[in-house]
Amino acid sequence: MIDIHSHILFGVDDGAETFEESMDLIKEEVEKGVSHIIFTPHFNKRNYHQDKDKISANFHALKEAAQKENLNVELYLGNEVYMDFNNYASIIENGFNTLAGSMYVLVEFNEIIPPENMPEICYEINVSGYITIIAHAERYEILYENRQMLRNVLNEGAHLQVNASSILHKENKERNKFAHFLLKNKLVSFIASDVHNTTSRKFYLDEAYKEVSKKYGKNYADEIFKLNQLNVINKTKFESSNYQPKRSILSKLF
Amino acid sequence: MEKYLISDNPSSPIAEAYRKIATNIEFSNIDNVIKTIMVTSAKQDEGKTTTICNLAMVMTEHKKKILLIDLDLRKPVIHKIFKLPNTKGLTDILINKDSYEPYLNNVYPGLDVLTTGIIPANPAEIINSKSLKELIKEMSQNYDYIFFDTPPVMLVSDPITISTYADAVIMAIEHGKTEKDLVKKAVESLKQVNANIIGAVMNNIPVSKQSNYYYYSSYE
């Protein structure tokens, strides 16, 4: 498995606090079958100041330690980018870490008041040369209630990521229901851990993998726990095989 | 995108049909009284935007300088057709009182596009504003034709307002979809404000109903 959404990097956001905690989390992921991990500290969210030097230093400390301990895992950097409904343009312009240096960018929105212009934001990210991955898509109830908006977001080429914990009833009922709706309709491109610590927001990828294989088939499980993620690591584009975007407006011109 | 029209399929029957419309506009405008042309429709999804983009493109073949402005502040799509960002555009020029040149996107030789920019909460006010009219006047000195994409007539009042300062109006009608009465009503409301309707473009006509001319040009 490959984990593209984690807050394992210590001391930079609400995830792991210490080097030791980070190492424990990495070891747990490896034990449970994860071969590649992307650290995705929050970007532009609340008051997590982006200290680039600290992120880089802590990242290299972990990488070195993992090598020394012969952990069979590849570590990468990324960000979970918080997109404001009104100043997304400057965020896109100013730059952030894409996932493992690819064109994929992990994006989150306000959970309480998700932006109604979510499709437009996805369009702008797209037209700037990135590919949007919406982090924990199951949290945005507006996409569940407003299917047209869900379609519009997918039409803009966004991929949906769902948290392992939501599949397993670990989060609230609504999220669980929406997560399974998305899985049933095969609209999910990625499952990730979004792990923050070893106590409250834990790693559940292995259990989630079992659940998804059992309910939706092993092929789909492999696709959304590993194969799609390989496209991110390898910096290749892929289209979600399960969603047919509507005919583009372009094709109407001549 | 641009290849789609000129280099990929310059002799397609549809391209020819648009050229014919462009020529007709030119003929009816020998004295250059028409500078600004708006394209609208009675309701949504009648091919209004497709029509305006293609028209603007074939117009450049007449060695004309064309500007296409997205005045559909309700549901803008021009930027999507040309794959342009829409984080800056018309509304920024008006709000910041900026000069317009930096906001233009040259999408095709002879064709510039001005996107809406971030959509404001008060589109009707902007459409009605003196600053917009002055901006259009200023821009029209640098272009032979300026095209306006607008919302549908039966949906909001914006296109009626725009028709009072556009020199000409073209209606896009989708064949077999829009009720005659609805088109009539739309035309009536435009005429009430003395809009100069110079013609209509019918989209999506089934091949079997097209004239022999089209059959002929599709034999190649």
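Nothing here was measured: the structure is a model prediction, and the numbers come from that model. Residue numbers start from 1 in every chain, and the chains themselves are labelled A, B, ... in the order their sequence lines are given, proteins ahead of strands. Below, all heavy atoms of this structure are taken into account, side chains as well, without hydrogens, waters or symmetry copies.
Residues of residues 89-100 of chain A lying under 4.5 angstrom from chain B, judged on non-hydrogen atoms, are Ala89(A), Glu93(A) by number. Within residues 120-133 of chain A, the residues that have a heavy atom under 4.5 Å from a heavy atom of chain B are Tyr123(A), Glu124(A), Val127(A), listed by number.
Around the CZ atom of Phe181(A), the shell of radius 6.0 Å holds more than 12 heavy atoms that belong to other residues, nucleotides or ligands. Residue-environment remark: CD (Glu116(A)) stays at or below the threshold of 12 foreign heavy atoms within 6.0 Å. Shown here is Lys226(A), whose NZ atom has no more than 12 heavy atoms of other residues, nucleotides or ligands within 6.0 Å. Counted within 6.0 Å of NZ on Lys184(A), heavy atoms from surrounding residues, nucleotides or ligands total 12 or fewer; the atom is thus considered open. Counting heavy atoms of neighbouring residues, nucleotides and ligands inside a 6.0 Å radius, atom NZ of Lys235(A) exceeds 12 of them. No more than 12 heavy-atom neighbours from other residues, nucleotides or ligands sit within 6.0 angstrom of CG on Asn219(A).
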